[in-house]
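Heads up: the structure comes next, in C-alpha cells.
Quantities reported herein were computed from a predicted structural model and do not represent experimental measurements. Counting convention: from 1, in listed order, for ligands and their atoms alike.
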Amino acid sequence: MISIAAPELREEEQRRVQEVLDSGMIADGPEVRTFEDEFASFCGTEHGVATSNGTTALHTALEALDIGEGDTVLTSPFSFVASANAIRLAGATPVFADIRSDTFNLDPDSVEKTVREQDVDAILAVHLYGLPADMDALQGIADEYEVPIIEDAAQAHGAEYNGERIGSIGEIACFSFYPTKNMTTGEGGMVTTDRKDLAEKAASFANHGRAQDGGYEHVRLGHNYRMTSIAAVIGQAQLDRLPEYVETRRANAALLNRGLEETDIVTPIEPERRKHAYHQYTIRTENRDKLIAHLDDHGVGTGVYYPTPIHQQAAYDHIDFHAPVSEQSSDEVLSLPVHPQLSTTDIESIIRAIAEYER
Ligand SMILES: Cc1ncc(COP(=O)(O)O)c(C=O)c1O
C-alpha cells in the first residue's frame, strides 16, 4: 500500500537522541534553545519559541498577543480543528470567513466583509496543505482595521510568499512537528516572530509564566507547554533535511500534475509569488467515496482533510454560520500521497490508478 504519509527517521536522529539520553538533560535542555535559534533562522525571524505541539504554539501565540476573554479572532473554518480550538483555549471567540475554492485558503473578500460587519481583534490565517494564504490581501485588511495576523503555519514549513519564508510574514506564526508534517519532532511546535516582546511573553507563557531571569518568579499565568530536548534534537536533524524534503514534495507534485492533466480531476494550483510546500497534494472530485475505494483497491492510500468544516463540528454547534465554499470543499477534497519517500514507480502507480478510474 502506498501510504498517505511516511515520516523518515534516520540514524542521525537516533545518534542525536542517544546523546541527549546519555547527557541526562532530557527535558528543557540547551538543545531546545539551539533548535529554536536554528528554526527561527530558517524562517528568517529573530526569535523562535519551542512548544509541546502546534496547538500549544497557537495558544501561546494568542496569549503573547494578549488575546483573551472578550476578544474575537477570525480564522478559516476549513482547517484542522486546532486552529479554532486554540482561540477558544485562549478564552477568545472564533469567527469564521469562507475560503476560496481554488486555494482552500481564506478568501480576502469574505474576510473583509466579516471584519467590516463585526469587531475582530486578530486574523489567524491558515496556510492549508502548505500553500501560503493570500498574505498581501490579508495584510491590507489587517492594516486597515489595525489587527495583527497570526500565521497558522502548521502545514507550511518551507513554503514561501513573495520570496520570504512562511513564519516570517505575520506578526507571529505557529508550526506543528506532528509526524505527518513536512518535518517532525514526534510531537512538537514552534512560535516564530521578529518581535522580542512577543517572544519573551510566549516563552514565559509556555513555561508557567516564569520571569525572564528564571528561577521561581512567575509574572503571569502560564502552562507547561515546553518541548523536550529529545524532540529538539530530532527537529534539528529534520530541519537540516527540510529544504530537500520540500523540493522532493514539489517534484512529486509536478509529476502528479503532469500525469493527471488528461483526467477531469481538479489538481492543486500554485499562484504566482507563492511557493507551495505540498504538505498535502489535494485534488477535488465529485463522488469521492468511489474514487477512494478504487484507489484503495489499487494500493493507493488517500486522506480527506477535512471531511467536516470546523463550524459544523459538534463542538461548535453553538455557532450559527454558513460557508458554502468550505462546505462543498469538505465534500470534494481528496489528498493523494506526495511525501518524499515515494518512488517514481509509486507516483506512476498513483497516476495509472486514477487514469483507470471510471466515473
Ligand atoms: C492547520 C493546523 N493547525 C494546527 C495544528 C495543530 O498541531 P498539533 O497537532 O501539533 O497540535 C495542525 C496539526 O495537525 C494543523 O494541521
Side-chain angles (χ1 to χ4, degrees), residues 4-5 7 35 39 48-63 73-90 92 94 96-97 99 103-106 122-133 135 138 149-159 166-167 169-170 172-192 202 205-206 223-228 231-232 234-235 238-239 249 276-282 303-311 313 315-316 326 329-330 333 335 338-339:
I4 182 71
F35 181 45
F39 194 82
V49 176
T51 59
S52 48
N53 56 60
T55 311
T56 56
L58 284 168
H59 185 188
T60 300
L62 290 161
E63 294 281 346
V73 181
L74 183 150
T75 194
S76 168
F78 193 63
S79 181
F80 182 54
V81 71
S83 305
N85 278 356
I87 297 167
R88 290 173 70 185
L89 285 170
F96 300 108
I99 57 163
T103 63
F104 303 108
N105 281 324
L106 277 173
I123 296 172
L124 197 154
V126 184
H127 306 303
L128 200 75
Y129 305 143
L131 176 66
M135 293 303 283
L138 294 180
I149 295 188
I150 302 141
E151 292 177 71
D152 183 340
Q155 303 189 0
H157 324 61
I166 283 305
I169 318 279
I172 193 162
C174 304
F175 291 85
S176 161
F177 303 122
Y178 188 73
T180 55
K181 299 296 195 280
N182 287 8
M183 59 170 280
T184 186
T185 62
E187 293 278 8
M190 186 75 75
V191 174
T192 54
F205 178 75
H223 269 275
N224 172 0
Y225 282 171
R226 296 184 301 257
M227 177 179 274
T228 68
I234 297 173
Q238 293 263 314
L239 181 60
R249 284 176 179 275
H276 202 318
Y278 287 104
H279 167 58
Q280 299 295 348
Y281 181 93
T282 303
V304 175
Y305 312 108
Y306 294 91
T308 308
I310 300 175
H311 63 283
Q313 298 280 356
Y316 285 77
S326 300
S329 300
S330 282
V333 290
S335 298
V338 72
H339 57 79

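Checked against side chain to side chain contact (heavy atoms under 4.5 Å, CB included), Gln155 has the following partners two or more places apart in sequence or in another chain: Leu128, Tyr129, Lys181, His279, Tyr306.
Here the side chain of Glu151 pairs no donor or acceptor atom with the backbone of His127 at under 3.5 angstrom. Checking side-chain atoms of Asp152 against main-chain N and O of Leu124 turns up no donor-acceptor pair under 3.5 Å.
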Check: every ligand 1 N/O to protein N/O pair under 3.5 Å:
| residue | atom | partner | partner atom | Å |
| --- | --- | --- | --- | --- |
| ligand 1 | 3 (N) | Asp152 | OD1 | 3.2 |
| ligand 1 | 3 (N) | Asp152 | OD2 | 2.8 |
| ligand 1 | 7 (O) | Ser176 | OG | 3.4 |
| ligand 1 | 10 (O) | Gly54 | N | 2.8 |
| ligand 1 | 10 (O) | Ser176 | OG | 2.7 |
| ligand 1 | 11 (O) | Asn53 | OD1 | 3.3 |
| ligand 1 | 11 (O) | Gly54 | N | 3.3 |
| ligand 1 | 11 (O) | Thr55 | N | 2.9 |
| ligand 1 | 11 (O) | Thr55 | OG1 | 2.5 |
| ligand 1 | 14 (O) | Lys181 | NZ | 2.7 |
| ligand 1 | 16 (O) | Gln155 | NE2 | 2.8 |

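With a 6.0 Å radius and a threshold of 12 heavy atoms from other residues, nucleotides or ligands, Tyr178 has its OH atom at or below the threshold.
In this structure, Asn182 CG and Gln280 CD are separated by 9.0 Å, a value rounded to the nearest 0.5 Å.
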- Message: Please determine whether ring-ring contact (aromatic ring centres under 6.0 Å, His included) holds for the pair Phe177 and Phe35, giving the CA-CA distance in whole Å, both sets of side-chain angles, and the decisive distance to 0.1 Å.
- Response: CA-CA 12 Å; Phe177 303 122; Phe35 181 45; 5.5 Å; yes

